[in-house]
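So the structure is just underneath, and the comments pick up after that.
Keep in mind it's a predicted model, so treat the numbers as computed, not measured.
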Amino acid sequence: MKLQRLLSLTRQALDQYGLIQDGDRIAVGVSGGKDSLTLLYALHHLQRFYPKKYELQAITVDLGLGNMNLEPVRELCREFGIPYTVIPTEIGKVLFEIRKESNPCSLCAKMRKGAFNEKAKELGCNKIAYAHHRDDVIETMLMSLFYEGRFHSFSPYTYLDRMDLTVIRPLLFVTEADVIGFRNKYQLPVCKNPCPMDGYTKRQYVKELIQDLQQDNPHLKDCLFHAILDGNIKGWPQALK
């Protein structure tokens, strides 16, 4: 995927759901993975011509698992002129050594978000940007259906009243295949995920299930995404007129 297409799809989400306003200070969650680095590229390059003016802060929550070289990410942020903050934590130690969690993903996400949100507020941000893409939206809906018994997925934006922060998801219309293509074309400095659960989660199971089902129905992802987009799912906002 070329940068121009990434910017077009990102702007579509920004415009359709009013995700960015003049004066926003946006904390971008950077895990070091392909999704978050693609988001950083998109928001940085859009700054040059997007009609709403905004500032960016890049933040990484270090789980303390070791073996994660963030220097290439730091260098990219220097190149883009984006302030970069790494939050050292012992989340990994708590999950895998102290609590010995067999299903740590939910607790890990909660702890990561807590650390990230606190730092975003400390840095004066009013919005936080996550790199969830179109495939994530679909997978989350199916996970909610299978494991919680409800038809639900995350929204393009969510207001966190306790923190007075708004979560935005600018890659809403970007597919995972697009992200992979962008990573390969632009040689993104992706950091290997040190989490021992990587590739063994419920999300991975649902991802592989969708791939299997698509062999019989190549349009499955389109159908599922449009079912969400057309307002048939609770909590999903309508597009701006």
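- Contacts classified as ring pair (Phe, Tyr, Trp, His ring centres under 6.0 Å) and involving residues 50-69 (residues at least two apart or in different chains) are not found.
- Applying the side chain to side chain donor-acceptor pair (under 3.5 Å) test to Gln57 and every residue at least two apart in sequence or in another chain returns nothing.
- Separating the CG atom in Leu171 from the CG atom in Leu6 is a distance of 6.5 Å, to the nearest 0.5 Å.
- In terms of heavy atoms, Leu7 sits closest to His45 at CD2-CB, 3.9 Å.
- The 12-atom threshold is not exceeded at OH of Tyr205, counting heavy atoms of other residues, nucleotides or ligands nearer than 6.0 Å.
- In this structure a side-chain-to-backbone donor-acceptor pair under 3.5 Å is missing from Asp62 to Thr89.
- Looking at residues two or more places apart in sequence or on another chain, you find no side chain to side chain donor-acceptor pair (under 3.5 Å) involving Asp212.
- The side chain to side chain donor-acceptor pair (under 3.5 Å) test applied to Tyr17 returns Trp236, not counting sequence neighbours.
- Rounded to the nearest 0.5 angstrom, Lys110 NZ and Ile91 CD1 are separated by 12.5 Å.
- A donor-acceptor pair is defined here as one N or O able to donate and one able to accept, closer than 3.5 Å; no such pair exists between the side chain of Ser155 and the backbone of Thr158.
- Atom CZ of Arg134 sits about 9.5 Å away from atom CG of Leu224, to the nearest 0.5 Å.
- A distance-only check finds a donor-acceptor pair linking the side chain of Asp135 to the backbone of Glu176 [under 3.5 Å].
- Leu123 and Val167 end up in the same hydrophobic cluster when Ile, Leu, Val, Met, Phe, Trp and Tyr side chains are linked at under 4.5 Å.
- For Lys185 against Met1, the heavy-atom pair with the smallest separation is CD-O, 3.7 Å.
- Taking Pro72 as the reference, Asn69, Pro189 meet the side chain to side chain contact (heavy atoms under 4.5 Å, CB included) condition, with sequence neighbours excluded.
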Q: Please test His133 against Arg169 for side-chain contact (heavy atoms from CB on, under 4.5 Å), starting from the C-alpha separation and ending with a verdict.
A: CA-CA 8 Å; His133 47 63; Arg169 297 179 170 92; over 6 Å; no
Q) Given Thr38 and Asp35, is the side-chain hydrogen bond (donor to acceptor under 3.5 Å, both in side chains) satisfied, shown in steps? A) CA-CA 5 Å; Thr38 298; Asp35 302 342; 5.9 Å; no
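- Taking each heavy atom of Val73 and Cys191 in turn, the nearest pair found is CG2-SG, 3.7 Å.
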Q: Take Thr175 and Ile180 through the test side-chain contact (heavy atoms from CB on, under 4.5 Å) and record every step on the way to the result.
A: CA-CA 9 Å; Thr175 68; Ile180 292 170; over 6 Å; no
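- Atom-to-atom distance recorded for Asn117:CG and Arg162:CZ is 10.5 Å, nearest 0.5 angstrom.
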Let me have the donor-acceptor pairs involving side chains of residues 76-86, under 3.5 Å, with sequence neighbours excluded, atom names and distances please.
from  : atom 1 : to    : atom 2 : distance (Å)
Arg78 : NE     : Glu75 : OE1    : 3.2
Arg78 : NH2    : Glu71 : OE2    : 2.8
Arg78 : NH2    : Glu75 : OE1    : 2.9
Tyr84 : OH     : Thr60 : OG1    : 2.6

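- More than 12 heavy atoms of other residues, nucleotides or ligands sit less than 6.0 Å from atom NZ of Lys53.
- The line from CD of Glu139 to NZ of Lys207 is 3.5 Å long, rounded to the nearest 0.5 Å.
- Pairing each heavy atom of Leu220 with each of Gln214, the nearest pair is CB-CG, 3.9 Å.
- In this structure, Ser8 has no side chain to side chain contact (heavy atoms under 4.5 Å, CB included) partners at least two apart in sequence or on a different chain.
- Remark: His132 pairs with Tyr130, Phe154 by the ring-ring contact (aromatic ring centres under 6.0 Å, His included) rule, at least two apart or across chains.
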Q: Would you please test Ile128 and Val28 for side-chain contact (heavy atoms from CB on, under 4.5 Å) and show each step?
A: CA-CA 6 Å; Ile128 54 181; Val28 183; over 6 Å; no
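- By the ring-ring contact (aromatic ring centres under 6.0 Å, His included) test, Tyr186 is found to be paired with Phe182, residues two or more places apart in sequence or in another chain being considered.
- Side-chain contact between Leu37 and Arg183: absent, with no pair of heavy atoms (C-beta onward) separated by less than 4.5 Å.
- Atom-to-atom distance recorded for Ile168:CD1 and Gln21:CD is 10.0 Å, nearest 0.5 angstrom.
- By the salt bridge (Lys or Arg N to Asp or Glu O under 4.0 Å) test, Arg11 pairs with Asp15, sequence neighbours left out.
- Here the shortest heavy-atom pairing between Ile228 and Met141 reads CD1-CB, 3.9 Å.
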Q.
side-chain contact (heavy atoms from CB on, under 4.5 Å), that's the test. Do Leu165 and Tyr159 meet it? Break it down for me.
A. CA-CA 6 Å; Leu165 286 168; Tyr159 178 63; over 6 Å; no
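- Ser36 places a side-chain N or O within donor-acceptor distance of the main-chain N or O of Gly33, the cut-off being under 3.5 Å.
- Formation of a donor-acceptor pair under 3.5 Å by the Lys127 side chain with backbone atoms of Leu19 is found in this model.
- Contact check for Asp222 versus His219: side-chain heavy atoms found under the 4.5 Å cut-off.
- Distance alone, capped at 3.5 Å, places no donor-acceptor pair between the Ser153 side chain and the Thr140 backbone.
- Residues forming a side chain to side chain donor-acceptor pair (under 3.5 Å) with Asn184 (at least two apart in sequence, or on another chain): none.
- Between the Asn126 side chain and the Asp24 main chain, no donor and acceptor come within less than 3.5 Å of each other.
- Nearest approach of Phe146 to Leu209, heavy atoms of both residues: CE1-CD2, 3.6 Å.
- Heavy-atom neighbours of Gln4 CD from other residues, nucleotides or ligands within 6.0 Å: at or below the threshold of 12.
- Every residue two or more places apart in sequence or in another chain was checked for a side chain to side chain contact (heavy atoms under 4.5 Å, CB included) with Asp216, and none qualifies.
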